[in-house]
A.B. asks: 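If you scroll down you'll find the structure; I have some questions about it.
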2 protein chains.
Amino acid sequence: MSVSVEERRAERHAAVRDQVVAAAWRLAAEKGLTGFGLRDVAASVGMRAPSLYSYFPSKFAIYDAMFADGYRAFRERIATVRPSRSRRVSLVRAAETYLDFCQEDPARHQLLFLRVVPGFEPSPESYAEAVVVLDDMRVLLAGMGLHDRRHLDLWTALTAGLASQQAANDPEGKRWTALVEPAMDMYLSYVEGDLS
Amino acid sequence: MSVSVEERRAERHAAVRDQVVAAAWRLAAEKGLTGFGLRDVAASVGMRAPSLYSYFPSKFAIYDAMFADGYRAFRERIATVRPSRSRRVSLVRAAETYLDFCQEDPARHQLLFLRVVPGFEPSPESYAEAVVVLDDMRVLLAGMGLHDRRHLDLWTALTAGLASQQAANDPEGKRWTALVEPAMDMYLSYVEGDLS
DNA sequence: GTCTATAAATGGATAGAC
DNA sequence: GTCTATCCATTTATAGAC
């Protein structure tokens with residue numbers, strides 16, 4: 001059960017990385033996704049800016065870690081959705097969870113689901129986290145008998161649209177969130193003929 | 001038919017303002033919505049940065065003018081949609097026009113329809129341009145017998161979702177654009193019972 | 001690994017001459 | 001109205017001492 005010095009060092013290193021990412025999320029929520037600098041990040045973990053470079057080679061690398069982290073958090077959140085025998089209930093719960101997740105942190109919504117940071121694109125490894133979540137959704141719909149990618153794309157468009165309209169036009173309210181049930185009803189009656 | 005000196009001066013002033021806004025759009029398309037500076041803007045209209053302050057009191061004021069200008073352009077574009085007796089055709093054409101408009105300039109899509117510039121909110125006057133367009137859409141749906149705001153919100157969410165998924169996940173392709181017809185079919189069969 | 005110091009650039013914005 | 005000059009803050013990132 002002994003652990004090598006290198007392993008403990010690596011653990012500490014990873015722990016600090018996580019703190020940096022958490023600090024970046026806090027600042028993004030406060031000042032906007034592109035509104036914070038490395039000094040802010042460093043200060044809020046008790047460091048000076050240059051020390052961050054022991055953990056991340058660039059600011060984009062921090063965005064990249066945030067991206068992966070955000071999708072892992074999203075996947076965990078989606079995993080908490082209580083399953084139901086009713087397709088309708090399952091879809092409504094999934095969509096509501098997604099909408100809540102977006103609304104509770106608009107900066108995260110922008111980083112994960114929109115293309116907002118000029119010049120930033122997630123690395124293949126981080127993008128893989130996004131693919132995993134999308135695959136979860138694919139499996140969920142497949143479990144309902146929907147196997148066509150177009151069915152999945154239509155569902156993501158519908159929920160993404162509710163989220164983006166909510167964020168852009170009524171960030172504090174429920175104008176579009178309140179439409180989740182009708183939206184899922186609409187979706188379900190449309191795909192009804194294709195259910196297996 | 002004579003025009004006062006002041007009027008001609010005002011006209012020239014307005015013309016330069018328009019050039020500045022046009023230059024800002026070009027740069028936003030090139031370098032990202034938040035990726036350009038006032039020096040760039042000034043240079044691309046043959047000026048130095050301080051001279052811009054004769055036309056706009058701040059960078060946010062330029063974003064504000066872009067916002068109003070973008071919604072005017074959007075309204076003109078929507079006005080070109082050929083009317084049809086078929087509700088389905090009308091909705092498909094409107095949605096396709098919206099999607100094309102978004103895809104042809106992602107920075108414009110972000111400024112008009114997402115909340116991307118940290119700290120920027122449109123002035124009431126500029127926001128009024130957005131309200132006008134939304135009212136056009138309200139009238140269009142009302143002409144089809146759909147008078148409920150929820151019908152309008154559901155339609156905007158659906159089209160906005162197609163646009164944002166397209167922009168974020170397949171900016172060069174047609175993966176979600178290709179779903180306009182099914183999406184409109186879905187929408188129409190759902191609201192069918194409420195048509196007057 | 002963290003620091004100071006600094007690079008090298010850029011940001012928005014202002015003062016004041018012309 | 002436009003310019004030069006400049007302010008002042010800030011940015012990301014690097015060099016090198018400790």
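Just so we're clear, the structure is a prediction, and the values are computed from it rather than from any experiment. Note that these values count all heavy atoms, side chains included, but never hydrogens, waters or copies made by symmetry. All chains are named by letter (A, B, ...) in the order of the sequence lines, taking the proteins before the strands, and each is independently numbered beginning at 1.
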A.B. asks: In whole angstrom, give the distance that lies between atom CG of B:L27 and atom P of C:dG12.
C.D. replies: 11 Å
A.B. asks: Within the 4.5 Å heavy-atom criterion, are A:L111 and A:F120 side-chain neighbours or not?
C.D. replies: yes
A.B. asks: Between B:D40 and B:K31, is the closest basic N to carboxylate O distance under 4.0 Å?
C.D. replies: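 Judged by the 4.0 Å cut-off on N to carboxylate O distance, B:K31 and B:D40 do form a salt bridge.
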A.B. asks: Could you verify whether a donor N or O on one side chain and an acceptor N or O on the other, from A:N169 and A:W176, lie under 3.5 Å apart?
C.D. replies: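 On atom types as modelled, these side chains do not qualify, holding no pair under 3.5 Å.
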A.B. asks: Taking the six-membered ring for Trp and the full ring for Phe, Tyr or His, determine whether the centres of A:Y187 and B:Y190 are under 6.0 Å apart.
C.D. replies: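 When the ring centroids of A:Y187 and B:Y190 are compared, they turn out to be at least 6.0 Å apart.
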A.B. asks: Given atom CZ of A:F120 and atom P of D:dT11, what is their separation to the nearest angstrom?
C.D. replies: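 A:F120 atom CZ is separated from D:dT11 atom P by 19 Å.
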A.B. asks: In terms of side-chain geometry, is the basic nitrogen of B:E104 or B:R77 positioned less than 4.0 Å from the acidic oxygen of its partner?
C.D. replies: yes
A.B. asks: Fit a plane to each ring of A:F113 and A:Y71, take the angle between them on a 0 to 90° scale, and name the class: parallel (under 30°), tilted (30 to 60°) or perpendicular (over 60°).
C.D. replies: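 A:F113 and A:Y71: perpendicular rings.
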A.B. asks: Using whole Å, report how far CZ of A:R39 lies from P of C:dT6.
C.D. replies: 14 Å
A.B. asks: Residues from residues 52-67 of chain B sitting under 4.0 Å of DNA chain D, heavy atoms only?
C.D. replies: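 Per residue number, the list reads B:S54, B:Y55.
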A.B. asks: Starting the side chain at C-beta, find the nucleotide from C:dA13, D:dT12, C:dG1 nearest to B:L38.
C.D. replies: C:dA13
A.B. asks: Could you list all N or O pairs between the protein and nucleotides 16-18 of chain C that sit under 3.5 Å apart?
C.D. replies:
none

A.B. asks: Do any N or O atoms of the protein come closer than 3.5 Å to N or O atoms of nucleotides 3-5 of chain D, and which pairs are they?
C.D. replies:
{"residue": "D:dC3", "atom": "OP2", "partner": "B:R48", "partner atom": "N", "Å": "3.0"}
{"residue": "D:dC3", "atom": "OP2", "partner": "B:S51", "partner atom": "OG", "Å": "2.6"}
{"residue": "D:dT4", "atom": "OP2", "partner": "B:R48", "partner atom": "NE", "Å": "3.2"}

A.B. asks: Using 4.0 Å as the upper bound for N to carboxylate O, is an ion pair formed by B:R87 and B:E192?
C.D. replies: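 B:R87 and B:E192: not salt-bridged.
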